[in-house]
**Student:** 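I'd like to ask some things about the structure below.
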Amino acid sequence: MTVSRWQHPLLVWGGWILFAIFVKFGPTFVESKLSSCIMDGAGQSLRIVDQAQRWARASSGQGVARAEVIAERDGSTELLQKQNRDLAAMIVMLQAENERLRSVPNIPVEDNEQSLRKTTAIQANVIGRRSGSQHLLVSLGERHGLLNDELVLEGEGVLIDQGSYADLTRDQLVSLGRSLFGRTVEVGRWTSLVQPVTHPEFRTAVRLVRVSEFGTVTGAEGILKGTGTGCEMIEVVGTHPVAVGDLVYTDPHVSPTSIPIYCGRVTQVNIASNDSHWTIIVSPPHPVDSIPIELSVLKVELNVSESR
């Protein structure tokens, strides 16, 4: 028996019509029971919808809270990473400073004869390096009291931001930490030019210091001279003992400072058979091409408390 495509919808509609007639005109308990089931189903549906809405709001709130927590954690992580980078850079600087300080021998050199003088350090910032083929631009002008060419200093060296207003004069020794860096060669009102120990025109009086099992022994006296790439100690008579590893300090009796300042270490000694003086190569305490950030100008004054 062939069923047409219209018979299925008609049968469905007919069944629903018979069910409606039965509910309408049938026993009353059937209609009440059906109404109760429909109402219960609607209530359950509304309850499910309400719970779904609450769950959706709770999920979105948790998502926002989780996003805020994640953002806060990311911010804290970024801050910690920045602090770690700063600490790492500080550790590198401290390690370099520690290595530089450890490279300077701590030799207890007593000099009671110089008690009438005292040495004070004037801190100065390094502006830059000046050479014959370079020009230096500084951030000072008329509002700082500068007139004409007060900042233009002749010569080559390292320019610092202290001058005659800080009672600086020529030929004052300049140190980097506890070791000698150079001397002042030109002093302006606000700035000064420092000549490093490796400059070919650098000269200062020095003496040898040797550490032995019997204690610290002061050796020969001489002159520290710059060679352009390093230093050498000249005018040391060949009859005086000199050895590789001897320390070189400024001579307080002659140099413009009341305390010995470390100048380097002897790395090579030689004397010819017909020569009357030693050839002594000295390794300076600082690299030739290095430009520090700060320097200290050593100023010698009368020790008033001792003179009284």
**Student:** Would you say the side chain of T227 lies within less than 4.5 Å of the side chain of T198, judging by non-hydrogen atoms?
**Tutor:** no
**Student:** Can you check whether V185 reaches V194 side chain to side chain, under 4.5 Å on heavy atoms?
**Tutor:** no
**Student:** Below 4.5 Å, heavy atoms only, C-beta onward: do L298 and V174 meet side chain to side chain?
**Tutor:** no
**Student:** When rounded to the nearest 0.5 angstrom, what distance separates CG in L193 from CZ in R170?
**Tutor:** 10.0 Å
**Student:** What's the shortest heavy-atom distance between L208 and M233, and which atoms?
**Tutor:** CD2-SD, 3.5 Å
**Student:** Distance check, rounded to the nearest 0.5 Å: L247 atom CG versus R265 atom CZ?
**Tutor:** 5.0 Å
**Student:** My understanding is that only residues two or more places apart in sequence, or in another chain, count here; which of them pass side chain to side chain donor-acceptor pair (under 3.5 Å) with S296?
**Tutor:** Q123
**Student:** Between V297 and I160, is there a side-chain heavy-atom distance shorter than 4.5 Å?
**Tutor:** yes
**Student:** State whether the side chain of T119 and the backbone N or O of V300 hold a donor-acceptor pair below 3.5 Å, judged by distance alone.
**Tutor:** no
**Student:** Determine, step by step, whether C263 and T250 satisfy the side-chain contact (heavy atoms from CB on, under 4.5 Å) criterion, reporting the C-alpha distance in whole Å, the side-chain angles of both residues, the deciding distance to 0.1 Å, and the verdict.
**Tutor:** CA-CA 7 Å; C263 301; T250 59; 3.5 Å; yes
**Student:** Any idea which heavy atoms bring T267 and S283 closest together, and the distance?
**Tutor:** CG2-CB, 3.4 Å
**Student:** If hydrophobic clusters are built by linking Ile, Leu, Val, Met, Phe, Trp and Tyr wherever their side-chain heavy atoms come under 4.5 Å apart, do L176 and I291 end up in the same one?
**Tutor:** yes
**Student:** Quick one: pull up CD in Q195 and CZ in R203 and give me the separation to the nearest 0.5 Å.
**Tutor:** 9.0 Å
**Student:** Can K225 and E232 be counted as an ion pair, charged N to O under 4.0 angstrom?
**Tutor:** yes
**Student:** Out of curiosity, does I223 fall in the hydrophobic cluster containing I271 (side-chain heavy atoms, cut-off under 4.5 Å, transitive links)?
**Tutor:** no
**Student:** If you measure from OG on S175 to CD1 on I259, what distance do you get to the nearest 0.5 Å?
**Tutor:** 8.0 Å
**Student:** Of all the heavy-atom pairs spanning F181 and H286, show the shortest one and how long it is.
**Tutor:** CD1-CD2, 4.3 Å
**Student:** In terms of hydrophobic clustering (I, L, V, M, F, W, Y; side-chain heavy atoms under 4.5 Å; direct or indirect links), are I280 and V244 co-clustered?
**Tutor:** yes
**Student:** Do D251 and V206 come within less than 4.5 Å of each other through their side chains, counting heavy atoms only?
**Tutor:** no
**Student:** Please assess V217 against V209 for the test side-chain contact (heavy atoms from CB on, under 4.5 Å), listing each intermediate value before the final yes or no.
**Tutor:** CA-CA 6 Å; V217 180; V209 175; over 6 Å; no
**Student:** Tell me, with the steps shown, if Q268 and T279 meet side-chain contact (heavy atoms from CB on, under 4.5 Å).
**Tutor:** CA-CA 8 Å; Q268 183 180 348; T279 299; over 6 Å; no
**Student:** State, to 0.1 Å, how close R210 and A243 come at their nearest heavy-atom pair, and which atoms those are.
**Tutor:** NH2-N, 3.6 Å
**Student:** Between K299 and D167, is the closest basic N to carboxylate O distance under 4.0 Å?
**Tutor:** yes
**Student:** Contact between V126 and I293 at the side-chain level, heavy atoms closer than 4.5 Å - yes or no?
**Tutor:** no
**Student:** Roughly how far, to the nearest 0.5 Å, is the OG atom of S192 from the CG atom of L159?
**Tutor:** 8.0 Å
**Student:** Would you compute the distance between atom CH2 of W278 and atom OG1 of T239 and round it to the nearest 0.5 angstrom?
**Tutor:** 10.0 Å
**Student:** Of all heavy-atom pairs between L180 and I261, which one has the smallest distance, and what is that distance?
**Tutor:** N-CG2, 3.5 Å
**Student:** Is R207 close to P252 at the side-chain level, that is, under 4.5 Å between some pair of heavy atoms?
**Tutor:** yes
**Student:** Please determine whether residues V269 and V282 belong to a single hydrophobic cluster, defined as Ile, Leu, Val, Met, Phe, Trp and Tyr linked transitively by side-chain heavy-atom distances below 4.5 Å.
**Tutor:** yes
**Student:** Hydrophobic cluster membership, with links at side-chain heavy-atom distances under 4.5 Å among I/L/V/M/F/W/Y: are I122 and L295 in one?
**Tutor:** yes
**Student:** If you look at every heavy atom in D161 and T191, which pair is closest and at what distance?
**Tutor:** CA-CG2, 4.4 Å
**Student:** Is any side-chain heavy atom of T204 closer than 4.5 Å to one of L173?
**Tutor:** yes
**Student:** Checking Y262 against S179 for the side-chain contact (heavy atoms from CB on, under 4.5 Å) test, could you report, in this order, the C-alpha distance in whole Å, the side-chain angles of both residues, the deciding distance, and whether it holds?
**Tutor:** CA-CA 5 Å; Y262 176 69; S179 57; 3.9 Å; yes
